[in-house]
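First the structure, in the form of structure tokens, and then the observations on it.
Chain naming here is simple, since letters A, B, ... match the order of the sequence lines and numbering starts at 1 in each. For the numbers below, each heavy atom of this structure counts, side chains included, while hydrogens, waters and symmetry mates do not. Computed from a predicted model, the values in this text were never measured in an experiment.
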Number of protein chains: 2
Amino acid sequence: MNSQSEEDYLKALYHLEMDFDAVSTSSIAEYLNMKPSSVTDMLKKFAEKKFINYQKYKGTSLTKKGKLTALSIIRKHRLWETFLVEKLSFGWDQVHIIAEQLEHIKSEELIEKLDNFLDNPKYDPHGDPIPCKDGNIEEMNQKLLVELKTSQKGIITGVKKGTASLLNYLDKEKVKLGDSVKVIEILEFDGTYIVEINKRKLTFSEKICQNLLLETND
Amino acid sequence: MNSQSEEDYLKALYHLEMDFDAVSTSSIAEYLNMKPSSVTDMLKKFAEKKFINYQKYKGTSLTKKGKLTALSIIRKHRLWETFLVEKLSFGWDQVHIIAEQLEHIKSEELIEKLDNFLDNPKYDPHGDPIPCKDGNIEEMNQKLLVELKTSQKGIITGVKKGTASLLNYLDKEKVKLGDSVKVIEILEFDGTYIVEINKRKLTFSEKICQNLLLETND
DNA sequence: TCTAATTTTTAGTTTTGTCTAAAAAAATAT
DNA sequence: ATATTTTTTTAGACAAAACTAAAAATTAGA
């Protein structure tokens, strides 16, 4: 059984490995707001546990075991975020901190039941894919609305980082995650999109379209 | 912000104070599976924090502050248990261990939203009352079915300790928490109860009636 | 290439919450 | 009422996970 702290390190390692590929001691420290010396200690421990490939002074990478363990934590995090938004009506921007705690709850059965309760969602409220039980993570066919052409369709999966206020706006317009969107017309003059959602025509500014994530089928 | 460990001690203190009234260092140690010396350490800390009235060698009692803090943890525990049973369809006997973890999640807003999501339940799946936000705990008007006379009514709130299998049986009979029960007839010969639940007549053996908890209105 | 700057690791300290063993206080029994 | 037993507290140790400061390795600059 891994400690909360270990789980946080594993997640950090996973995310850093995705975004950049050099995972240095100091980058981990920065990500987790800790001192590099603390990171070194944990890396040694992780090498023992075979979570990482580690050579002194040479940086790290997750082993298969490490990656799978990280994915199971990310799965929990994203399922809980989905729960908080879909069932408890939290705002999409409020759920991260709470999910950081919930992700550490230990119970396989709990997470499977939660998954079912939520109808086995594929994406969390931020549009990030939810890894499945075996660690498979569906590669996203995710696009911004602004990338779609007239008559193309997609399903709303989230919004881009740092655009929390957009969520409130969408809420007010009764637009929800999972809603289907079809592009009716794009105004050349200012890039405004006219789309159809739930049989209603809506108008989105270019700025909105640059921040709205959709799952498409190409 | 109190640590997980502190919260466990507070809960233990509260429960011990309810059941017995002499709360000795060793009884706490036994309850928490720890050594008395560890308990003494925590008691000193709690005295500092004004959670308890503590005099060396003289045992302890919770202060108002301690009691309120304990109740807020118990509130969380019981709301989560209710969630697990009602929404995730866990068995009534499986939820305690998971709720022991969930009760430590820190978020006022989360617990208020969970409470609403569950329709502000008054009792948890074991029939224990859920303290409300301000720490008020509704004194139970709880009775065993066997205590009711013909034509009396009650609402099912749970089953007695150690009768997990009864829950499965009730589940199979489509009897749920919150269902209304009316006693139609009591057979003198063997104490069998004939009751009405959801407009259906059901027959319960005396043994069942000795283990089924109801909220009544006397 | 060889020195200077940066990064990483090591060594030693701190805090929290546990433990064991010993000392002190209280309770019990004769 | 005092000696024995039990309970509680004290004192000191340990593990986990963080820290600081110093040493070692690597990288970069001239």
Starting at [atom1] of [X] and ending at [atom2] of [N], how long is that distance when rounded to a whole Å?
X     : N      : atom1 : atom2 : answer
B:N2  : C:dT15 : CG    : P     : 19 Å
A:E6  : D:dA16 : CD    : C1'   : 9 Å
A:K35 : C:dT7  : NZ    : P     : 14 Å
B:L32 : C:dC19 : CG    : P     : 10 Å
B:K45 : D:dT9  : NZ    : P     : 17 Å
A:I28 : C:dT9  : CD1   : C1'   : 14 Å
B:M1  : C:dT15 : CE    : P     : 21 Å
B:M42 : C:dT16 : CE    : P     : 10 Å

Check B:K113 with B:E108, please: is the shortest side-chain N to carboxylate O separation under 4.0 Å? no
Salt bridge flag under 4.0 Å for residues A:E103 and A:R78: no
Would A:K65 and A:F51 count as a cation-pi pair here, with the cationic atom under 6.0 angstrom from the ring centre and within 45° of the axis? yes
Between [X] and [N], is there a contact of a side-chain N or O with OP1 or OP2 at under 4.0 Å?
X     : N      : answer
B:T40 : D:dT10 : no
B:S26 : D:dT6  : no
A:K44 : C:dT10 : yes
A:K56 : C:dT10 : yes
A:S5  : D:dA18 : yes
B:Y57 : D:dT10 : no
B:S37 : D:dT8  : no
A:S38 : D:dA18 : no

Going by the angle between their ring planes, with limits at 30° and 60°, are B:F46 and B:Y9 parallel, tilted or perpendicular? perpendicular
Describe, in one word, how the ring planes of B:F117 and B:F83 are oriented to each other, choosing from parallel (under 30°), tilted (30 to 60°) and perpendicular (over 60°). tilted
Among [options], which nucleotide has an atom closest to any side-chain atom of [X]?
X     : options               : result
B:M34 : C:dT8, C:dT18, D:dA18 : C:dT18
A:S24 : D:dT8, C:dT10, C:dT8  : C:dT8
B:P36 : C:dT18, C:dT9, D:dT9  : D:dT9
A:D41 : D:dA18, C:dT9, C:dT18 : D:dA18

Pair A:D124-A:T82, side-chain donor/acceptor within less than 3.5 Å: no
Taking the nucleotide of DNA chain D with the closest heavy atom to each, which residue, A:Y9 or A:K58, is nearer the 5' end? A:Y9
